[in-house]
Amino acid sequence: MATVDEDLLTTLIARLDLDAKVRLLTGADFWSTPAEPAIGLRRMVLSDGPSGVRGESFDERSPSLSLPSSTALGATWDPELARRYGSTLGAEARRQHADVVLGPTINLHRTPFGGRHFEALSEDPLLTGELAAAYVEGLQAHGVAATPKHYVANDAESERFTVDNTVGERALHELYLAAFEPAVTRGGAWAVMSAYNAVNGATMSENPLLAEPLTGEWGFDGLVMSDWGAVRTTVASARAEQHLVMPGPVSTWGERLVAAVRDGEVEESVVDGKLRRLLRLAARVGALDGAPTPPPAPAPGDGATVARELAAAGSVLVRNTGELPWDASSLGTVAVLGHNAALARTQGGGSATVRPAAVVAPLDGLRTALGGDRVRYRLGAQVAEGVQPFDPATVTDPVTGEPGLRAVFRAADGTALRSEHRLGASLIWMGGEIPGGAESVEVSTRWAPEPGAHRIGAAAVGHVTVSADGATVLDTEAVLTGDEGPGAAIFEAPSVTAEITTDAPVDLVFRFRPSGGEAGMALFALTVGTETVVADPQAEVAAAAALAADCDVAVVVVGTNDRIESEGFDRTSLALPGHQDDLVRAVAAANPRTVVVVNSGAPVLLPWRDEVAAVLLGWFGGERFGDAVADVLLGHAEPGGRLPTTWPATGEERSVLSGRPTEGVLRYDEGVHLGHRNWLRHGETPAYPFGHGLGYTTWTLDDAVAGPWSADGVAVTVTLTNTPATGRAARSCRPTCPGPAPTSNAPPAGWPAGPSSTPPPARRRPP
């Protein structure tokens, strides 16, 4: 825990009057806290995480490192890798001039239907807590505050702003609070974010759980900030251990809290206590004059290298019949199939979104590793829905001739207020980024597609017109359905499109006026691009299977899209979208050497899992996902992951819990039987159990010896042996590989049956 001069904080608080104190307890804007020059306090910048640091803007011209999703980190089972993950984000935060990172997300995977589980670590509180504590330590070593979130029991997205989660005391303490405790007590987190939901009748921004156990039993002396817009009362939240309201500058505190203090409803000492915690945070991150300078940060590593290594370390090989690893020197032609092979999901949707400088998809990674002449691609099955941003290689700024687009803000009379060159086609401007008086934005580009018919358009909320070579092809209003929550204009915007046919580059102009009156003018969010349309899905599947039959091996990349896994909504099905199951079965029938890479952030159903040669779970693999996939398939890296969450076989098992509230209440009636505990209670067999994961070897368990009990627990010494085997994997493995692959999903001989039937390497077991 960073040392803070408490006497200095007392002196500074005494210099301020009530109005000044209260002003500091609400955000200055969407992403920062207020400055107070009178006491040497500068603004602190808060940035979304937890697998990247975006800074204050969604601007792609200021790119951010994109690490693999938290589920990939959870699959490493390795606190040292979690510490490295956090440290990488700490260095990135300093580069982005951010003082506070809004992560890690350490809510539990209570149900696989949770739409935001890619952002959290696991279903198990021990595994989650150990990794979260290491993440916090690594991040804060750079003088950047971590913010474990969302405290507490924020385990689903359905009705997340209003739901009351009723949780028994034992389950609350043994599971949901237990996941947070190590990040606070051992990781020493400097901030915590309170959740939107209520727990046992009280919304979390005014819940007694903020006092006990957080600031009481656990001794947390940091700052509790709200989730954005979560504080809805004045007096009740002020009396709780809620210390900062975000965003600002308008909130339920401000003048109303000043009045409550003057009316005697809230003691001024309570305000002073909140301000002390804010100033303590400022001192720790170097935002307060006179406070000790934070210690030197560790030297930053190469973020792209870390992203690649972590993606491989977190990938989970759940099936291998001896097919993998492949030997690149003897491998012939490779069919790479699937929408996600070329348009990979490297991160989940919602507030965790960052804009990386470049993304390596599996198709790119395999072409780089094997050469383009050996790799053949076909879509196979559509996955991404709606308008997807233009490929940057196909668009040119009509003003400068550089790759990219031209954006012009216009007033109501058409006057140009500001013109800017943009690199990407997914554009978001917020608050002060929008020039005063702007009513609309005009985005123009010269687009050079493949000859033929294309659907072009925009994803937005408001009025959209599109012209192609001067002719209007679309003029419509894009509206939300009304069920979406805050942020929907950014993350759930509807698509509007029109078809054009061209055999040459075409000049496109998109004009957008956001809806929502003055409130809408505070946010411009617009994605321009194309929509994939497959006229005959079964013909496309058949063509992909024919390509696979003509190649030596086939890689099918399947996964989800941004309408399935994102902040803001839960899933209604665990099935892969579109015709991906048909694609896998057709390809496997055409080529027995078919390997499937699963590109999802959380469990999906794999009904064909026993029909293919190998299945590799790649999660949302970050910006170097494709390189990591190639590394693992070709044996340059071993798939190091073990499942952090149980993967169901059908999604209809009794062990699969619901996250859907009934009349505003979600009852955690399962008690402590969460995740693998519930599967054991019901005696059901999942597709793949918690802890499962194969490697490029087989194992025997030779011995297990337990030492004497002590206050620190008991030491258990386990002797394992890598056992040689024969088969394709053994022949193709490079000398540095640890050994051949197992020939089935069954546990190795001698390993006891149970939910973790395949032993992970000892170093990856949490203490």
Side-chain angles (χ1 to χ4, degrees), residues 304-305 307-338 340-342 344 360-378 380 544-557 587-588 590-599 612-618 621 624-641 693-698 722-744 761:
T305 298
R308 181 174 184 166
E309 293 176 357
L310 278 164
S315 61
V316 184
L317 186 66
V318 294
R319 175 175 171 82
N320 190 17
T321 59
E323 180 64 37
L324 295 177
W326 287 327
D327 179 6
S329 65
S330 60
L331 196 63
T333 53
V334 180
V336 179
L337 310 164
N340 287 43
V360 180
L363 178 61
D364 304 321
L366 287 167
R367 280 174 171 166
T368 298
L370 297 172
D373 57 330
R374 285 198 281 174
V375 176
R376 302 175 185 177
Y377 173 71
R378 180 100 194 187
L547 176 61
D550 286 340
C551 293
D552 293 303
V553 298
V555 178
V556 185
V557 183
V587 171
N591 190 327
R593 298 186 65 185
T594 293
V595 173
V596 179
V597 176
V598 182
N599 180 206
V612 297
V615 180
L616 178 71
L617 309 183
R624 300 296 294 275
F625 175 47
D627 288 330
V629 168
D631 289 342
V632 170
L633 296 184
L634 300 176
H636 303 309
E638 188 174 19
L694 308 175
Y696 292 153
T697 183
T698 56
N722 288 356
T723 54
T726 59
R728 178 179 291 128
R731 292 194 301 273
S732 65
C733 192
R734 302 178 304 115
T736 55
C737 287
T743 57
S744 75

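This structure is a prediction, so every number in the text was calculated from the model and none was measured.
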Quiz item: Taking the side chain as C-beta and beyond, is there a heavy-atom pair between V555 and P362 under 4.5 Å?
Solution: no

Self-check item: Nearest non-hydrogen partners of P325 and L634, listed with the distance
Solution: CB-C, 4.2 Å

Enumerate, atom names and distances included, each donor-acceptor pair closer than 3.5 Å involving a side-chain atom of residues 369-377, sequence neighbours excluded.
from	atom 1	to	atom 2	distance (Å)
R374	NE	L370	O	3.1
R374	NH1	A328	O	2.8
R374	NH1	L331	O	2.6
R374	NH2	A328	O	3.4
R374	NH2	L370	O	3.3
Y377	OH	G338	O	3.0

Quiz item: Which pair of non-hydrogen atoms, one from G332 and one from D552, has the smallest distance, and what is that distance?
Solution: CA-OD2, 2.9 Å

Quiz item: Which pair of heavy atoms, one from A311 and one from A628, lies closest together, and at what distance?
Solution: CB-CB, 3.4 Å

Quiz item: Can you tell me how far CD of E638 sits from CG of L694, rounded to the nearest 0.5 angstrom?
Solution: 10.0 Å

Quiz item: How far apart are the closest heavy atoms of A554 and N591, and which atoms are they?
Solution: N-ND2, 4.2 Å

Exercise. Begin from the C-alpha positions of E323 and V553 and carry the test side-chain contact (heavy atoms from CB on, under 4.5 Å) through to its verdict.
Key: CA-CA 10 Å; E323 180 64 37; V553 298; 4.1 Å; yes

Self-check item: Check: V318 and L617 side chains under 4.5 Å, non-hydrogen atoms
Solution: yes

Practice problem: Apply side chain to side chain contact (heavy atoms under 4.5 Å, CB included) to N599 and list each qualifying residue two or more places apart in sequence or on a separate chain. | Solution: N340, A344, R345, V557, F620, F625

Self-check item: Main-chain N/O of P639 paired to S315 side chain as donor or acceptor, under 3.5 Å
Solution: no

Exercise. List the atom of V615, the atom of V612, and the distance in Å for their closest heavy-atom pair.
Key: CG2-CG2, 3.5 Å

Self-check item: With sequence neighbours excluded, residues passing side-chain hydrogen bond (donor to acceptor under 3.5 Å, both in side chains) with R378
Solution: E540

Quiz item: salt bridge (Lys or Arg N to Asp or Glu O under 4.0 Å) with D364: which residues, sequence neighbours excluded?
Solution: none

Quiz item: Which residues pass the side-chain hydrogen bond (donor to acceptor under 3.5 Å, both in side chains) test with T368, sequence neighbours left out?
Solution: none

Practice problem: Grab the two heavy atoms, one from A307 and one from R624, that are nearest each other, plus how far apart they are. | Solution: CB-CG, 4.2 Å

